[in-house]
Amino acid sequence: MAVAPGGRGSPSPPWPPARPAVPKDTDVLYCGSLKPWKGVGTLVAAMQTLFPLKLTIVGPGTREDIDRVRQAALAVGVIERVKILPPVK
């Protein structure tokens, strides 16, 4: 934010910097529970806009939790970019 002295109009903001290219090996990692209230379904849905990034999910979950997340990924067409791993012991 810039403040112009004397009440004149504020100067034009600089152009936003260009987004750097995303490296091909960049991924999104989620570590945590797969329960519905954790928002994993929202993250899976967001992967539609993050192509070509891949999502790796690490965390505890019941068979139902895992199936629900896989179904969400299948429904939005990102199943091939989502990997679900058990928690590290």
Self-check item: Least distance between heavy atoms, Pro86 atom then Val58 atom
Solution: O-CG1, 3.6 Å
Quiz prompt | Nearest heavy-atom neighbours spanning Met47 and Val28 | solution = SD-CG2, 4.3 Å
Exercise. Any side-chain hydrogen bond (donor to acceptor under 3.5 Å, both in side chains) involving residues 77-86? Give me the pairs, sequence neighbours left out, ordered by first then second residue.
Key: none
Practice problem: Treat each ILVMFWY residue as a node, draw an edge where side-chain heavy atoms are under 4.5 Å apart, and state whether Val76 and Ile84 are in one component. | Solution: yes
Quiz prompt | Hydrophobic cluster (4.5 angstrom, side-chain heavy atoms) - remaining members for Ile79 | solution = Leu74
Quiz item: Remaining members of Val88's ILVMFWY cluster at a side-chain heavy-atom cut-off under 4.5 Å?
Solution: none
Exercise. Report yes if some heavy atom in the side chain of Glu64 is under 4.5 Å from a heavy atom in the side chain of Asp67; otherwise report no.
Key: no
What side-chain donor-acceptor pairs closer than 3.5 Å can you find for residues 30-45, not counting sequence neighbours?
{"unit_1": "Tyr30", "atom_1": "OH", "unit_2": "Ser33", "atom_2": "O", "d": "2.7"}
{"unit_1": "Ser33", "atom_1": "OG", "unit_2": "Lys35", "atom_2": "N", "d": "3.1"}
{"unit_1": "Lys35", "atom_1": "NZ", "unit_2": "Asp65", "atom_2": "OD2", "d": "3.0"}

Quiz prompt | Residue pair Val78, Leu55: steps toward the side chain to side chain contact (heavy atoms under 4.5 Å, CB included) verdict | solution = CA-CA 9 Å; Val78 298; Leu55 171 61; over 6 Å; no
